[in-house]
2 protein chains.
Amino acid sequence: MRPAALPEQLRIACAQCNLVELCLPVGLPANDLKKLDTLVSVRKRVKRHQALFESQAPFEALYAVRLGSFKTVLTLTDGREQVTGFQMTGELLGLDGIGSGRHAVTAIALEDSEVCVIEYAQLEALAQEIPALMTQFHKVLSREIVREQGVMTLLGSMRAEERLAAFLLNLSQRFATRGFSPNQFRLRMTREEIGSYLGLKLETVSRTLSAFQEAGYLRVDRREIALLNREGLRQLLYPERTDPANATAP
Amino acid sequence: MRPAALPEQLRIACAQCNLVELCLPVGLPANDLKKLDTLVSVRKRVKRHQALFESQAPFEALYAVRLGSFKTVLTLTDGREQVTGFQMTGELLGLDGIGSGRHAVTAIALEDSEVCVIEYAQLEALAQEIPALMTQFHKVLSREIVREQGVMTLLGSMRAEERLAAFLLNLSQRFATRGFSPNQFRLRMTREEIGSYLGLKLETVSRTLSAFQEAGYLRVDRREIALLNREGLRQLLYPERTDPANATAP
DNA sequence: GCCGCTCATTGAGGTGCGTCAAAGACAGTC
DNA sequence: GACTGTCTTTGACGCACCTCAATGAGCGGC
């Protein structure tokens, strides 16, 4: 992803990092904000395909994506992999390690990336000191829980078409939040990674994208996506319901 | 579930509730423990099939299951439902509401149940006061994230047999933790609810259970389950791997 | 006691997606 | 510029699970 095309408002709030989730809504006084800036002052670069942290490794820090993007992967004993999420600018990585002191997933950079290192011990200490930060952190954790519930629903009760439509609309919205066009963007991940995330095989992802293009919902050229009919995609997810009052008329 | 057959240790730590997750590992001094007891002093009864809270309702409190069990359900606009979890004694409900101030899921009692009401504002205040409580709460939230990642893996890359085996072994372990037999227990939920949780249809759940019985892994009589060969079930999940060193020999 | 309801089991047949296979397109490397 | 490896597309076929359907078992109500 190109360097911060963030709205002015966000850039001020997150001068040092792109830690949108933690900084933005807190509205801290200058003094506390300075402490927060210190908290996220350490940077780390991660090259494409390199691991930021590995599953089972001791948990010591959270990471805020400053530049670039990541995937988190859970690997089964027999080698099968499940992508549990994609993280882009301003999103947090490492929340899975808090509970057990070890990371549950492996985080891998999808492109050359840069993160802010947030020492967890420091975050805990600061959260103790700044109530608003603690509250905000709880919200971040809870939202991750809700996001995953959404994915569970996707995996458990949606068809391939619906899964992919939901995925594309979600990506679109996240790009928009970051000041990019919601209708034209470049996928950072392969078909296989998308498939793993959505519980599909790469061939099915490819075929479904082709079908969407066929239907005029979008244009797809390798990783480049242009959404032509977002409403159409939304209707796949939230189908027109015939009014039950009419349907049940005698 | 019958009243607390919890180990002595737990019963002391959680005299007022069965709030294992929050109380147990904290090891609080008597003074703080008293405050915690106050926090969870309000009870609420919920009858079978009744909702403890509904999706979209304002979020005000967490709930610790004191007696009985619940399911959490996410409903799509077209009526399809996804069960996102089952909660038994000592587990927390309502974490999904923190992020947005509204509940994301509906919680429904699987049997006549009783919960401790934990006013969230009070919890936040107390967490600010007692660092160990805050730390522990973060762990609880993180573990829920990791649990859901496990379910995502289940839904995304496992076959029906594996999903059900994982589910049964997980239940078994949770019963064991609570002082019940890990090999003999009664399901609190219907085949349909299990299926919804595992992304399967009720017929598939029923058939797979029958197949497990046929294979000698367990006996099943309505809701009653007797595990006869847990190792066998585990092998379904973690298959014997031929040593790659041997397999790749020239 | 009988009745009505919910829940579970089992079978037969259909299908959405996985599997296997082949070929093409691009990016990086020397 | 040719080469090599990674990624993508597309087709043909098969299977795991879904769908539809019928039967039966338990359980509360009157």
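All chains are named by letter (A, B, ...) in the order of the sequence lines, taking the proteins before the strands, and each is independently numbered beginning at 1.
Within 4.0 Å (heavy atoms only), B:Gly195 reaches no atom of the nucleic acid at all. Contact annotation for B:Arg159: backbone-only contact, meaning every heavy-atom pair under 4.0 Å involves sugar-phosphate atoms and none involves a base. Residue-level contact check: A:Leu209 touches neither bases nor backbone, having no heavy atom under 4.0 Å from any strand.
Each of D:dC18, D:dG11, D:dT9 was ranked by its minimum atom distance to the side chain of A:Ser206; first place goes to D:dT9.
Ring-plane geometry between A:Phe180 and A:Phe175 is classed as perpendicular, the angle between the planes exceeding 60 degrees on a 0 to 90 degree scale with a lower cut at 30.
Enclosure of atom CD in B:Glu231 by more than 12 non-hydrogen atoms of other residues, nucleotides or ligands within 6.0 angstrom is indicated.
Summarising the geometry, the separation between CD on A:Glu203 and P on D:dT10 is reported as 13 Å, rounded to the nearest angstrom. In this structure, the CD atom of B:Glu192 is 14 Å from the C1' atom of D:dC18, given to the nearest Å. The separation between A:Lys201 atom NZ and D:dC17 atom P is 13 Å, rounded to whole Å. Spacing between atom CG of A:Leu110 and atom C1' of D:dT6 amounts to 15 Å, rounded to whole angstrom units. Counting to the nearest Å, the P atom of C:dG16 and the CG atom of A:Leu198 are 19 Å from each other.
Using a 4.0 Å cut-off, no side-chain N or O of A:Arg222 falls inside it from OP1 or OP2 of D:dT8. A close approach under 4.0 Å does occur between a side-chain nitrogen or oxygen of A:Thr204 and OP1 or OP2 of C:dG18. Distances shown here put every side-chain N or O of B:Thr190 at or beyond 4.0 Å from the OP1 or OP2 atom of C:dT6. Checking the phosphate oxygens (OP1, OP2) of D:dC7, no side-chain nitrogen or oxygen of A:Arg191 falls inside 4.0 Å.
DNA chain C is contacted by both B:Asp221 and A:Ala160; B:Asp221 maps to the nucleotide lying nearer its 5′ end (nearest heavy atom per residue).
Aromatic rings from A:Tyr197 and A:Phe86 are positioned such that their centres are separated by under 6.0 Å. Centroid-to-centroid, the aromatic rings of B:Phe53 and B:Tyr63 come within less than 6.0 Å.
If you check distances only, the side chain of B:Glu161 never reaches the base of D:dC17 with a donor-acceptor pair under 3.5 Å. No hydrogens or angles were tested; on distance alone, nothing pairs the side chain of B:Arg223 with the base of C:dT9 as donor and acceptor under 3.5 Å.
Annotation: the span from B:Arg178 atom CZ to B:Glu91 atom CD amounts to 4.5 Å, rounded to 0.5 Å.
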